[in-house]
There are 2 protein chains.
Amino acid sequence: MDSESALNISIEQRVTLKDVARAADVSAATVSRFINTPVAVRTDKRQRIEDAIKTLGYVPHGAAQALASRRSRMIGAIFPSIDNTLFGCALEVFQHHASAADYTVVVASSEYDPELETRQVRRLLRSGVDALLLVGVERSPEVYNLITARKIPYVTLWRSGGDILHPCVGFDNVAATEHLTDYLIGLGHKRFGVFSGLLKHNDRAQDRVSGVYKSLENHGISAENATILERQFGVDEGREMFRQITSNRNPPTAIICGSEPFAYGAIFEAAEMGIDVPGEISIAGFDDLWLSSQIKPSLTTIRTPQREMAERAARYLLARLSGEQVAAPRPLEIDLIIRNSTGTAPTDLRSYEEVVRIVKAF
Amino acid sequence: MDSESALNISIEQRVTLKDVARAADVSAATVSRFINTPVAVRTDKRQRIEDAIKTLGYVPHGAAQALASRRSRMIGAIFPSIDNTLFGCALEVFQHHASAADYTVVVASSEYDPELETRQVRRLLRSGVDALLLVGVERSPEVYNLITARKIPYVTLWRSGGDILHPCVGFDNVAATEHLTDYLIGLGHKRFGVFSGLLKHNDRAQDRVSGVYKSLENHGISAENATILERQFGVDEGREMFRQITSNRNPPTAIICGSEPFAYGAIFEAAEMGIDVPGEISIAGFDDLWLSSQIKPSLTTIRTPQREMAERAARYLLARLSGEQVAAPRPLEIDLIIRNSTGTAPTDLRSYEEVVRIVKAF
DNA sequence: CTGAAAGCGCTTACAG
DNA sequence: CTGAAAGCGCTTACAG
């Protein structure tokens with residue numbers, strides 16, 4: 001017996017529940033109860049167990065707990081990219097709430113690739129997550145089949161609307177750009193450039209383009225007056241699109257960006273090209289990142305509730321996990337923030353005056 | 001038997017290894033081998049098992065695998081904040097490499113709080129991570145005790161140097177600001193402002209301040225010529241410190257920021273106050289985020305190898321996990337990027353000329 | 001309130 | 001190459 005315990009020490013075996021039980025002179029079941037529902041254990045034993053845990057340095061074995069209890073206390077989160085302030089913020093907030101509830105967050109990036117997303121879902125499901133957080137609604141039905149077969153709660157982020165059949169925490173992307181376009185039309189704009197993220201497999205980006213078209217239609221403006229450009233997200237891509245669109249014969253007087261960095265790129269490029277914003281062209285963004293209020297001219301944009309989304313998603317999932325039968329989250333409000341990058345459209349009248357002035361100069 | 005299987009269907013029990021084994025008419029051990037080392041199974045059985053897995057929709061139970069194999073295929077990562085481009089980038093890259101090697105990443109934020117970090121380490125260890133990624137080296141010895149007791153590989157990020165006893169992937173923060181300060185002294189600057197993140201519990205921030213002092217000492221400039229201000233990270237904090245420091249009787253002619261957003265704030269505030277950068281004051285940053293090349297004036301800064309760090313950390317841990325006895329990673333190179341926000345110090349001579357000019361104007 | 005015992009779903013020597 | 005069996009470290013009815 002002595003040599004055996006000496007052996008145990010030499011190979012430094014992991015401290016288990018059983019060791020704690022032995023040290024505290026109770027059964028393993030009682031130690032387990034102490035860990036999970038301390039009130040179910042008599043006070044004197046509680047103290048003995050607590051001491052034993054401390055002196056032995058016992059840490060429960062998560063996999064064993066998960067296997068026996070059928071709950072892993074892990075939540076999976078898959079973002080299109082973590083390397084993006086928007087999703088980084090959301091992950092930070094989500095993680096904060098999850099870990100406050102003693103849940104661990106397993107994270108993966110889909111890199112905007114639906115195939116990779118499917119593989120990541122499979123991986124996280126294999127890891128045994130108790131719940132899943134996803135961004136956007138449109139994806140392979142296989143993914144939803146996998147999730148529902150597992151019967152775990154899940155929620156989708158960043159999009160919300162009447163026709164969505166999945167639990168979602170988000171806002172109405174169509175209404176957002178529709179509202180923004182309405183505002184620009186009210187300023188006299190009739191020709192628009194739309195800088196969009198790659199539309200394929202990105203329902204949020206698609207919605208935002210739809211919103212522009214919807215507004216145009218409501219105002220009896222032909223869809224041909226909107227030029228849609230799509231690129232990967234990035235400032236340089238915004239610059240490039242700006243250069244491209246302003247070289248058209250009949251360039252737009254207002255540019256609507258589906259992502260804020262596009263708008264920054266457009267503003268930087270305009271400055272470099274000597275194009276006055278908003279005098280000659282108006283530029284609007286989407287998300288209201290910190291730079292938008294600091295850049296010159298400050299950016300008119302849609303403020304989206306990023307942290308709020310993450311918080312509500314966490315609350316929803318945690319409530320579901322604790323057995324509450326909560327109602328599906330309601331769509332969140334968004335605001336149009338009007339700043340200095342948008343203004344009245346340069347009118348034909350003004351062009352006329354300019355022509356007169358130029359003619360007179362001869 | 002029939003009624004039993006009917007019952008199984010009605011309560012939709014999880015598909016297990018055993019089910020697959022039965023369907024493929026092999027033993028559970030063979031299915032397990034197929035999953036872990038397919039080559040160890042004869043080809044004909046391989047096909048049968050694969051078919052069974054597909055038709056049954058079998059997904060291995062991660063916790064059971066982890067318990068039996070003593071490996072969870074999870075890596076833990078704790079960042080001071082995920083809501084920060086730097087760490088978001090690192091996490092994205094790290095996650096990419098981990099998931100390519102079929103590892104899952106469990107993420108947590110310490111929110112720059114050492115106590116919270118210790119709790120998160122404990123939580124991740126309990127989750128059963130096979131390896132751990134941390135940022136910075138200085139922390140409670142308890143953390144290192146916990147990790148080494150678990151005998152799992154770990155690596156620290158963002159800092160590297162001769163005296164570090166832990167595996168680390170990073171760069172020399174002292175050398176970075178020392179080099180930058182050398183450069184500024186070379187431009188004739190003698191009085192410095194240093195905008196630092198909160199120094200307590202942040203070894204990177206401390207190192208960066210040390211680097212400035214080191215350079216000063218090497219040039220025989222008294223430490224009193226450096227005014228250290230510390231704040232939480234943020235653009236607004238940069239603005240605030242700039243306003244504060246320029247209201248001194250004898251303000252610095254150069255500002256060294258330990259974090260890029262401080263520098264942005266300083267530049268924005270200078271513009272608002274009508275202070276010329278770099279004519280009246282030079283401003284330098286740290287990290288070289290995308291905005292630094294776009295802002296006016298463009299920012300002189302230290303370029304740090306964020307993605308590189310994450311990639312090397314991933315490679316190191318994955319190598320350790322696959323049993324290779326790899327050497328500790330080497331420190332990474334950093335570059336001083338000289339742009340337009342720094343210039344020669346406004347000399348006393350020039351002030352003299354100005355005085356003369358003003359006097360003459362009377 | 002407590003303990004003995006079965007079982008969670010795998011992996012892995014071991015023997016063949 | 002394969003199978004029977006033990007075991008990974010917990011939880012949870014069950015009986016008391």
Side-chain angles (χ1 to χ4, degrees), chain A residues 8 11-49 52-53 56-74 102 125-130 150-151, chain B residues 8 11-49 52-53 56-74 102 125-130 150-151:
Chain A
N8 280 347
I11 55 172
E12 278 195 50
Q13 281 205 324
R14 147 168 222 133
V15 177
T16 69
L17 240 208
K18 218 186 267 183
D19 299 322
V20 176
R22 202 177 302 140
D25 195 32
V26 295
S27 72
T30 301
V31 179
S32 174
R33 281 189 202 100
F34 170 80
I35 288 168
N36 296 300
T37 46
V39 290
V41 177
R42 223 160 47 200
T43 326
D44 55 329
K45 305 204 173 179
R46 233 136 83 181
Q47 193 56 56
R48 294 216 309 273
I49 296 170
I53 287 177
L56 294 176
Y58 171 67
V59 180
H61 190 301
Q65 292 180 307
L67 183 58
S69 71
R70 294 143 184 288
R71 284 174 295 110
S72 68
R73 295 204 80 83
M74 300 196 299
D102 203 30
L125 252 21
R126 179 152 45 86
S127 293
V129 295
D130 292 337
R150 220 29 170 287
K151 288 183 185 151
Chain B
N8 280 350
I11 53 172
E12 277 195 50
Q13 281 205 323
R14 148 168 221 134
V15 177
T16 69
L17 241 209
K18 217 187 268 182
D19 299 321
V20 175
R22 203 178 301 141
D25 196 32
V26 294
S27 74
T30 301
V31 179
S32 175
R33 282 189 201 101
F34 170 79
I35 289 167
N36 295 302
T37 45
V39 289
V41 178
R42 223 163 43 203
T43 326
D44 55 330
K45 304 202 174 180
R46 231 135 87 181
Q47 192 55 55
R48 294 215 307 273
I49 296 170
I53 287 176
L56 294 175
Y58 171 68
V59 180
H61 190 300
Q65 292 180 307
L67 183 57
S69 71
R70 295 143 182 286
R71 285 174 294 111
S72 68
R73 295 204 80 83
M74 299 196 301
D102 204 29
L125 252 21
R126 179 152 44 86
S127 294
V129 295
D130 292 337
R150 224 21 176 288
K151 290 185 187 151

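Note that these values count all heavy atoms, side chains included, but never hydrogens, waters or copies made by symmetry. Order of the sequence lines sets the chain letters (A, B, ...), proteins ahead of strands, with each chain counted from 1.
Within the 3.5 Å criterion, the main-chain N or O of A:V129 finds no donor-acceptor partner in the side chain of A:S127. A donor-acceptor contact shorter than 3.5 Å is absent between the side chain of A:R126 and the backbone of B:P60. Put simply, the side chain of B:R48 gets close to the backbone of B:A24: a donor and an acceptor are under 3.5 Å apart.
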**Prompt:** Which string of ( ) [ ] | and . matches DNA chain C, if you list each base 5' to 3' and count Watson-Crick or G-U pairs only when both distances are under 3.5 Å?
**Reply:** |||.||||||||.|||
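Minimum interatomic distance between B:D19 and B:R14 (heavy atoms only, all atoms of both residues): OD2-O, 3.6 Å. For the pair A:F34 and A:I49, the tightest heavy-atom approach, listed with the atom from each and the gap, is CD2-CG2, 3.6 Å.
For the C1' atom pair drawn from C:dT12 and C:dG16, the interatomic distance equals 16 Å after rounding to whole Å.
Rounded to whole angstrom, the span from the CZ atom of B:R46 across to the P atom of D:dC1 amounts to 9 Å. The CZ-C1' distance, from A:R22 to C:dG3, rounds to 16 Å in whole Å.
OP1 or OP2 of D:dT2 lies within a sub-4.0 Å distance of a side-chain N or O belonging to B:K45. Side-chain N/O atoms of B:T30 include none lying less than 4.0 angstrom from OP1 or OP2 on D:dT2.
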**Request:** Verify side chain to side chain contact (heavy atoms under 4.5 Å, CB included) between A:V41 and A:V26, making sure each step is shown before the conclusion.
**Result:** CA-CA 11 Å; A:V41 177; A:V26 295; over 6 Å; no
**Prompt:** If the sugar-phosphate is the primed atoms plus P, OP1 and OP2 and the base is the rest, what is the B/S/- string for nucleotides 6-16 of chain C, using protein heavy atoms under 4.0 Å?
**Reply:** -BBBBBBB---
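Under the rule for a side-chain contact (heavy atoms from CB on, under 4.5 Å), the partners of B:S69 that lie at least two apart in sequence or sit in another chain are B:R71.
Residues A:M74 and B:M74 form a side-chain contact, since some pair of their non-hydrogen atoms from C-beta on lies under 4.5 Å apart.
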